[in-house]
Structures are given as C-alpha cells and as structure tokens.
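Worksheet for the structure shown next.
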Amino acid sequence: MSAEERYNFKEVEARWQREWERSGIYKVTEDPSRPKYYALAMFPYPSGKIHMGHVRNYTIVDAIARYRRMRGYNVLHPMGYDAFGLPAENAAIQHGVAPDKWTWANIAEMTEQLKSLGYSYDWDRAVYTCRPDYYRWTQWLFLQLYKHGLAYRKKAPVNWCPSCETVLANEQVEDGRCWRCDSPVTRNELEQWFLRITRYADELLADLEKLPGWPERVRVMQQNWIGRSEGAEVTFTVEGTGDPITVFTTRPDTLYGVTFMALAPEHPLVEKLIAGRPEAEAVRAFRERVRNQSEIERTAEGGEKEGLFTGAYCINPLSGDRVPIWVANYVLMEYGTGAVMGVPAHDQRDFEFARKYGLPVRVVIQNPSRNLDPATMAEAYPEPGVMVNSGPFDGLPSEEGKERVVAYLEEKGVGRRKVQYRLRDWLISRQRAWGAPIPIVYCDRCGTVPVPESDLPVLLPEDLVFTGKGASPLARHEGFVNTTCPRCGGPARRETDTMDTFICSSWYYLRFADPQNGQAPFDRAKVDYWLPVDQYVGGVEHAVLHLLYSRFITKALRDMGYLGFDEPFTNLLTQGMVLKDGAKMSKSKGNVVSPEEMINRYGADACRLFILFAAPPERDLEWSDEGIEGAARFVNRFYRMVRSALPVLERARGTDRQAALRPEALGEAEKALRRVVHGTIRKVTQDLTDRFGFNTAIASLMELVNAFYEYRSQVPEDRQNPAVLAEAAESAVLLIAPFCPHLAEELWHQMGHTESVHLQPWPTYDEAALTVETVEMAVQVSGKVRDRIRVPVSATEEEIRAAALAAEKVQPHIAGKEIQKVVVVPGRLVNIVVR
RNA sequence: GCCGGAGUGGCGGAACGGCAGACGCACGGGACUUAAAAUCCUGGGCCCCGGGAGGGGCGUGUGGGUUCAAAUCCCACCUCCGGCACCA
C-alpha cells in the first residue's frame with residue numbers, strides 16, 4: 001500500500017479536534033423538546049498528568065455520551081477539576097511553587113491531554129473548585145447547612161494525620177491509616193466543625209432501595225457503613241449518687257444476665273465515680289494510656305481486652321441486681337452511649353472480659369439443643385433461645401422476650417426502643433490553607449458569627465507563606481485572620497480551617513447545570529432540566545466517601561427547597577482498575593504506562609478502542625502492549641476498508657439506494673453481507689442500550705469489517721453492488737463513531753458528507769435484511785452433537801424431526817436403539833434421546 | 001466472623017438453559033517481496049486411535065443434584081478479590 005493510503009492518525013485527529021472546537025458541536029443548552037441525558041465521569045484531581053485510569057473512565061463516558069447524542073438525546077457531558085487539596089500545598093512546601101500556580105499548570109496540562117483524546121465535553125461548562133466563582137458557592141452551601149442546624153462545632157476526639165497535619169473524617173481513615181498518605185492516624189481531642197449527616201442516616205439507608213441502577217456491591221458497602229441496628233436504651237442507676245448510666249443494647253432479652261457495667265475510659269462519669277476512691281489513680285492512668293493509643297493499636301487484631309474496676313456499683317433496673325462498674329478499652333465513646341452492659345454468657349466480648357477478670361457468667365438464654373453451664377462454657381452463646389433466670393420472663397422465646405422486656409422498660413420509664421447507627425457526623429475542618437475557607441467569624445462579643453452571604457466569597461489570600469511547619473499558613477496570615485464582626489462591627493477573628501475537599505465535590509454535578517451563574521449556585525429550572533445524573537461513572541474507591549456525601553448534600557438541599565429530587569445519581573457504573581503485569585500501575589512498581597506516549601504512538605482512537613475492547617467496563621483491565629497494537633491495526637484496517645471502496649461507492653451516488661437494496665435486486669453474497677450489516681447494527685445497539693457491552697459491540701463491528709473484506713475479495717470488482725457496499729460502509733462508520741470519533745469523522749467526510757458524523761442519527765436495522773431462507777441445525781443423539789442439517793426456516797417440527805432422523809452421521813448412533821424422545825428446538829438443534 | 005463479587009484455551013474475553021471458546025492477542029503454515037516490514041489468506045481446547053480423509057473420549061475451580069440438554073439453575077465445598085468488624 002502506498003504511503004498516502006496509510007491512515008495518518010496524528011494529522012487527522014488534530015484536525016478534527018480543532019474543527020470540533022471551532023464549530024462547538026458539543027455545546028449544549030436546555031431544550032425541552034428533546035429528552036435529556038446527563039453523562040458524568042467523576043472529575044479528577046489535577047495531579048499533573050492523566051493516567052490510564054482516567055483514560056478508561058472518560059472513554060467509557062464519552063462513548064455513552066456520543067451514543068446517546070446520536071440517539072437523539074440532548075446530552076450534558078461536562079468536565080472539571082477537583083482542584084483544592086493537599087498535593088498542591090505539599091508542592092508549595094517542597095518546591096516553593098504557590099499552590100494555585102502549581103494547580104493551574106497541572107490543569108492546563110491535563111486539559112490538553114483530555115483534548116488530545118477527543119472527548120466530547122462542553123468545555124464552556126468546566127468548573128474549577130479552587131476558583132472564587134466556585135468556592136463562593138461552596139461557602140454558600142456551608143452557610144445554608146449552618147442555618148439549618150446541619151453544620152455545628154464541637155470538641156471531640158478526632159482522627160489526626162500527623163503527616164498531613166490535619167484531621168480526617170471517619171470515612172477517610174482506612175485500617176487506622178490516612179486514606180491519602182497511609183500514615184497511622186492518632187486520636188486528638190479538638191474543637192472542630194461537623195456536618196450532621198447522621199440526621200439523614202435512616203433515609204440514606206432506606207433510599208438505597210431507590211437505586212436499582214447502582215451496583216449491588218456499592219449499595220452493600222454503604223449499608224455496612226451506615227450500620228443500622230435496632231435495640232433499646234436502658235438506664236442503670238449508680239449506687240449512692242443516683243447518677244444514671246444509659247447503655248445501648250441490641251439484646252434487651254439478656255438484661256437479667258448482666259454481671260458488670262463497662263464504661264469507655266473517656267466516659268464523662270468516670271471521674272465522678274472514682275473521685276476519692278483508692279482505685280482513682282490507676283483508672284486515670286489507664287484512661288491516659290488508652291487515649292494515647294493510636295487507632296491501629298486500639299483495634300489491633302485479636303484486641304486484648306483490658307479494664308479496671310472503678311470501685312463503684314450500679315443497679316440493674318430490671319432485676320435490681322448490684323452490678324460492679326468497670327472501665328474497659330473495648331468500649332468506644334463514639335458509639336452508642338459509651339457504656340455497655342456486660343452479659344458474658346451471651347456476648348463473646350463480654351465473655352472474654354469476664355473470664356479474664358473472674359467476673360461471674362450468668363446464663364439467661366438457654367440453648368434449646370444443648371444445656372449451657374456457666375462453669376464450663378468455652379464461649380458465649382449469642383444465638384436465640386429460651387429465657388431463663390429472668391423472673392417473670394422465664395420461658396419466653398428470646399426474640400419475643402426482646403419486645404416484652406422493652407415494653408416493660410418503657411412502662412417503668414427506665415428504657416426505650418432505640419435505633420443506633422454506626423455512621424458518625426462528618427468532620428469537615430481541615431487545618432490546611434489550600435481549600436475553601438469556612439465562612440465563620442469569631443467575635444468576643446457576639447460569639448460564632450456566620451459571614452453574611454453578601455460578603456462571600458471569603459477569599460484565600462494570595463500571599464500565603466508555606467513553611468511546612470507549625471500552624472496552617474492561613475492561621476498565620478494576620479491580614480486574613482483579623483477582621484471585623486459582621487454583626488457588631490467590632491474586632492473579630494476568622495475561622496482559619498478550610499473545608500474538606502469532599503464538600504467541593506459533593507455538589508459539583510449541580511453546578512454543571514449552570515456553571516456561569518454569578519447570582520446563585522445554580523438556577524432551579526436548569527437543575528430541574530438536567531438533573532439527576534443519568535449515568536455516573538467512576539472508581540469504586542468512592543463507594544462510601546464521595547458517593548455518600550453527595551447523597552447527603554442532595555437530600556439536605558432538597559429539604560431546604562433548592563432541589564426537587566432525592567438522589568443525585570440514577571445509574572452508577574464502577575469501572576475496574578487498569579493493571580499492568582497483574583498489579584495496579586504505580587511509580588514504585590515501575591509498571592506505569594503513559595497515556596501520552598500511547599496516544600503519540602498509536603493515536604487516541606486506538607487507545608480508546610483498546611481500552612473499551614479489552615475487558616467489560618466493570619472488570620479490571622490488564623494493559624497489553626500487543627493488545628493496543630492490535631487495536632491500531634484494526635483502526636487501519638477499518639480505514640482501508642472504506643478508502644479502498646470509495647471508487648465503488650462513487651457509483652452509488654445519486655442513485656436510488658432503497659430501490660437498489662430490494663431483495664429481488666440482490667444475489668446471495670449481497671444478502672449475506674446485508675445480514676451481517678444489520679445484525680451488527682442490532683447487536684451494537686443492544687449492547688450500548690441495555691448494558692455497557694463495549695467489548696462485544698466492538699467484536700461485532702470487527703465481524704462486519706471481516707464480512708466486508710470477504711465480499712470484496714469474493715465478488716469481482718465490476719460486479720460489486722455499490723448500494724450494498726455504501727450501506728455497509730456508512731453503517732460501520734456510524735457504529736464506530738462513539739468509540740473512534742476521529743476515524744469516523746474523517747471517513748464520513750471522505751464519503752462525501754459535509755455534516756459531522758456525530759450529529760447523525762443512529763442507524764436502525766432492517767428486520768427484513770436479517771431473514772434467512774435456511775438454517776443450519778445441530779443434531780444431537782443423547783446430548784452429543786453428531787451431525788448438522790440444513791433446513792428451510794419454514795420447516796415444521798415434523799419435517800425437522802424427519803430430517804434429523806435421516807441425517808447420515810446420526811445413523812450409527814441410533815441403529816438398533818429405542819428412540820425415547822425427540823426434542824426439537826426450531827432454528828437451534830434437535831436432540832434424539834435413545835436408550 | 002458477617003456481607004458482596006469472581007473462578008471458562010497459552011493470554012484478554014464470548015456465550016448466561018440449546019452446537020463452549022464469538023472477537024482479539026500471541027503462536028504455526030501459506031501468498032506477495034530480492035529480503036524485511038506492512039498487508040492478505042489459513043490452522044489450532046486437550047487427549048487417544050488412524051498413513052490419511054476421518055473417528056472416539058474428556059473438557060467452563062471441586063463434588064453432588066435437577067433436566068432430553070447445565071459454563072448457565074439448585075445444594076455442599078475450595079481458591080482468589082473487595083467491604084464491614086471489640087459497633088454493644
């Protein structure tokens with residue numbers, strides 16, 4: 001093949017990217033006359049260059065967006081940057097580059113790379129969370145939450161990452177380590193801002209039911225994280241002082257089995273209980289030791305249970321028993337009430353604790369199949385059974401007992417039904433400077449004062465000094481800190497913590513509906529038109545973080561009257577990772593494949609094609625150098641297919657194609673090619689509509705290309721049917737457009753069209769072209785394929801049966817045998833069952 | 001421990017009650033070429049019998065079951081991956 005016939009992807013891709021940008025074909029506005037489709041990829045942190053994970057994510061969404069556009073939808077397909085965050089600050093400390101400079105340089109580079117991949121974004125809608133015109137509204141969001149009692153400040157034990165020098169939310173601690181830098185997290189008592197996500201715990205859990213378009217896996221992860229459990233609160237009374245100690249339990253039926261009370265070492269009552277007692281010093285020392293343990297140490301595997309007797313006793317409200325009060329390291333102050341009733345016979349943790357410290361074990365639920373003996377039990381019996389040693393409740397099945405005990409406690413006023421969640425409020429203060437400042441002022445006279453909306457944004461100073469030591473640069477910036485109270489006008493100090501960047505990303509999908517709005521975060525009518533997101537795509541690592549936060553913010557804004565829907569993301573696709581040599585790509589492993597290099601060597605279309613073809617989107621994808629070469633080869637093969645047919649196609653110009661495609665006008669070879677063409681249209685359409693079967697859709701396209709070559713090699717050039725070839729080539733180009741947009745656009749124009757291929761309607765298949773006169777069917781004898789027969793599609797079951805029984809290779813297998821049954825599956829197979 | 005997902009040729013994967021291995025990668029053979037690259041055609045799950053055309057058996061993690069028919073449905077188990085986990 002001559003040099004100029006080789007597909008010059010570099011020139012073609014650059015040319016069409018320029019043209020699309022010039023003509024603005026991907027720009028969208030609201031259009032009530034068309035159905036809308038909002039396709040969204042999780043926007044990136046501008047870390048420097050894009051990696052293969054990004055390419056995969058955005059290629060999937062781009063294919064979806066392009067397909068929907070051709071199907072007649074008004075498609076919103078935006079992109080932006082989650083641009084606040086620690087790496088920018090670290091760069092400032094290490095290299096002395098200002099965080100905004102560093103960030104904007106990265107954004108410029110990544111944008112250029114994204115453009116080189118030919119994604120169909122409406123770039124006019126890009127949002128940058130670090131820009132005042134965006135974070136102004138992040139601050140506005142905070143103020144609304146504050147106004148509605150959903151943002152509050154409290155002193156609490158919090159997760160502190162010593163390396164990032166900031167606190168973290170619970171969701172951002174994994175196995176006791178910082179999600180970002182992997183350092184062990186410590187516990188600190190600090191005054192911090194929280195968002196009351198727990199107020200929505202119930203709805204966040206219940207509404208998972210409304211998300212059938214989410215992967216089961218993600219819903220289960222959120223369910224686990226929210227951790228709802230039903231039980232009761234029961235109040236014990238301290239002997240002597242009468243102080244109440246309330247516990248949460250899921251097993252009110254075991255209340256008669258309580259043999260000790262266990263308090264978290266940090267429990268507020270501990271100090272009063274031990275005051276003046278000989279145990280006081282030891283308990284205080286124990287408390288300090290536990291408090292200083294890191295999350296990892298405290299929850300280490302096995303978890304040796306430790307505790308100390310306080311010297312005090314309390315009274316069981318049900319049995320009247322006198323119960324010793326202990327402090328124990330396994331009781332967490334953050335969950336429930338920070339106090340646990342110890343029932344060794346029926347709770348494994350209590351059991352271990354009781355055995356270690358010689359506390360009594362009292363069986364109150366009897367195992368129906370094997371009698372439990374407290375003296376010999378080797379482990380707790382947590383299963384249901386029959387209540388014993390429980391006064392008036394003896395003989396009740398334990399499940400029923402739960403109800404009866406709670407009812408009794410409520411009647412006596414010493415307990416009540418309670419639903420407890422594992423989910424805790426979202427800690428959002430960050431002691432970092434490169435983030436959206438929390439719009440709060442502290443005034444000696446007025447206290448905590450929110451910045452008025454009209455004063456937003458609270459701007460980040462541009463002259464921050466990053467030393468990496470001591471307090472945040474924001475806290476050390478006098479010009480920022482010192483201000484006047486918006487209420488009384490007196491001297492005041494600004495809050496110097498910034499917001500968790502997950503707040504910035506918890507509402508960005510709303511801003512895309514109205515990104516330039518200077519008067520409000522978004523216009524309700526525009527949001528009503530575009531939202532919710534029809535298809536969201538991203539990594540599963542945000543299953544609990546970003547996706548839970550966004551659901552919460554959506555519900556909060558809905559309750560404030562700003563939104564009219566309950567859930568932000570109707571359908572979610574969690575794409576798999578891109579691996580190399582079986583492992584996640586990372587600099588330390590040295591197995592990183594650079595998208596930039598691949599695009600340079602093989603072209604954007606080949607990269608996109610390989611990534612879509614190599615694995616279904618939700619599965620991990622193993623990068624293969626040979627694989628992408630194969631994809632590049634196919635791009636060329638496709639290009640040559642159309643190029644070499646252009647002279648023949650020229651003959652179809654201006655003729656009546658529909659007339660030329662009438663069945664009477666076609667020979668067998670033409671009909672066969674048309675069958676493949678229309679079969680492929682059907683297959684690709686199905687694969688893109690009801691699932692994301694990009695890999696099988698592309699496989700089907702490859703079969704079409706193979707059939708095209710076969711036709712051209714088997715029918716002499718002068719006898720080739722121009723109308724059939726034109727239909728095949730046009731269909732192929734339209735079908736490949738979502739995957740290889742440059743290739744499709746180039747060929748579309750070479751075929752003589754002047755409008756963009758991406759604005760064309762999606763092809764439809766012709767049922768008539770799919771019909772066949774005869775079908776081949778397999779003939780099985782007792783389930784094994786022995787022969788094949790060709791029968792007319794119109795053949796009756798009786799005729800098929802006769803043909804099968806007469807088939808040559810079937811004879812030896814049925815000769816002399818009794819035919820028990822013949823199963824005929826028309827169009828597929830015949831199974832002759834013999835004995 | 002509880003919950004979820006996945007195990008199919010040398011490799012990525014397809015089929016999700018009806019002919020296992022579509023499509024591609026890698027590999028073998030052939031054509032074109034002085035040669036190579038590129039391209040085009042072609043072969044192939046594994047084992048056994050046959051010189052050959054051909055024939056037979058076994059095959060979707062393991063063991064059972066349902067069915068004329070199971071990768072697909074049911075039961076039990078194994079392995080790997082992921083989530084939660086001293087949450088009362």
Side-chain angles (χ1 to χ4, degrees), chain A residues 1 6 174-175 215-229 231 247-251 254 262 264 298-306 328-332 334-343 346-350 352-353 382 420-424 540-541 543-544 609-610 613-616 618-631 633-634 636-637 640 683 693 695-703 705-706 709-710 713 776-788 809 812 820-834:
Chain A
M1 188 171 55
R6 188 161 179 86
E174 295 166 351
D175 294 328
E216 160 97 357
R217 189 159 70 121
V218 175
R219 294 201 311 253
V220 167
M221 282 162 78
Q222 293 211 353
Q223 238 168 53
N224 286 344
W225 188 261
I226 295 167
R228 177 189 153 105
S229 45
V247 297
F248 172 73
T249 179
T250 53
R251 297 295 305 273
T254 63
R298 197 162 167 181
T299 60
E301 51 163 312
E304 183 65 19
K305 288 169 188 50
E306 286 184 80
N329 66 343
Y330 72 93
V331 181
L332 307 173
E334 310 86 63
Y335 183 76
T337 60
V340 171
M341 63 182 213
V343 187
H346 306 293
D347 182 284
Q348 187 57 27
R349 294 153 305 182
D350 298 347
E352 286 167 26
F353 192 77
Q420 187 66 46
Y421 296 93
R422 211 189 68 99
L423 179 72
R424 323 247 173 97
V540 76
E541 64 274 14
V544 174
L609 190 76
F610 169 71
F613 179 64
E618 66 281 358
R619 273 211 239 172
D620 285 351
L621 181 154
E622 173 71 26
W623 184 266
S624 154
D625 292 333
E626 293 82 15
I628 190 169
E629 276 182 45
R633 211 146 50 213
F634 177 73
N636 273 298
R637 185 169 154 84
R640 280 193 311 272
K683 174 73 175 153
N695 55 334
T696 48
I698 291 165
S700 172
L701 265 166
M702 288 171 168
E703 289 181 80
V705 172
N706 291 344
Y709 275 97
E710 192 182 334
S713 70
E776 188 181 75
M777 290 175 65
V779 182
Q780 297 181 328
V781 178
S782 293
K784 289 191 197 307
V785 179
R786 297 301 180 183
D787 204 350
R788 285 155 205 293
K809 289 176 188 159
Q820 287 196 310
K821 190 177 185 179
V822 178
V823 181
V824 178
V825 185
R828 292 194 177 270
L829 53 66
V830 180
N831 191 5
I832 302 165
V833 187
V834 297

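A note on names: the letters A, B, ... follow the listed sequences, proteins ahead of strands, and every chain is numbered from 1.
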*salt bridge (Lys or Arg N to Asp or Glu O under 4.0 Å) against A:Arg422, all qualifying residues, sequence neighbours excluded*: none
*If you check the A:Lys305 side chain, which of B:rC86, B:rC19, B:rU39 turns out closest?*
B:rC86
*Would you indicate, yes or no, if B:rG82 has its OP1 or OP2 atom less than 4.0 angstrom from a side-chain nitrogen or oxygen of A:Arg619?*
no
*Whole Å only: how far is the CD atom of A:Glu618 from the P atom of B:rA6?*
10 Å
Hey, what are the protein-to-nucleotides 42-50 of chain B N/O distances that come in under 3.5 Å?
none

*Given B:rA85, is OP1 or OP2 found less than 4.0 Å from the side-chain N or O atoms of A:Arg422?*
yes
Pull out every protein N or O sitting under 3.5 Å from an N or O of nucleotides 26-32 of chain B, one pair per line with the distance.
unit_1 : atom_1 : unit_2   : atom_2 : d
B:rA26 : OP2    : A:Arg633 : NH2    : 3.1

_Nearest listed nucleotide, side chain of A:Pro616, among B:rG83, B:rG18, B:rA14_ = B:rA14
*To the nearest Å, how far apart are A:Asp620 CG and B:rC81 P?*
12 Å
*Using the P atom as the reference point in each nucleotide, state the distance between B:rU67 and B:rC84 in Å, no decimals.*
44 Å
_Any A:Asn695 side-chain nitrogen or oxygen under 4.0 Å from OP1 or OP2 of B:rA14_ = yes
*Closer than 4.0 Å, any side-chain N/O of A:Arg640 to the OP1 or OP2 of B:rC40?*
yes
_C1'-based separation of B:rC68 from B:rC77 [nearest Å]_ = 29 Å
*Are A:Thr696 and B:rC23 close enough that a side-chain N or O sits under 4.0 Å from OP1 or OP2?*
no
Distances for protein N/O vs nucleotides 54-58 of chain B N/O pairs under 3.5 angstrom?
unit_1 : atom_1 : unit_2   : atom_2 : d
B:rG56 : OP1    : A:His813 : NE2    : 3.2
B:rG57 : OP2    : A:Arg786 : NH1    : 3.4
B:rC58 : OP2    : A:Lys784 : NZ     : 3.4

*Could you summarise the pairing of RNA chain B as dot-bracket text, marking Watson-Crick and G-U pairs under 3.5 Å with ( ) or [ ] inside the strand and | across strands?*
(((((((..(((.....[....))).(((((.......))))).(((((....)))))..(((((..]....))))))))))))....
_By salt bridge (Lys or Arg N to Asp or Glu O under 4.0 Å) - contacts of A:Glu626 (at least two apart)_ = none
_Heavy atoms from C-beta onward define the side chain here; which of B:rG18, B:rC68, B:rA88 lies closest to that of A:Arg828?_
B:rG18
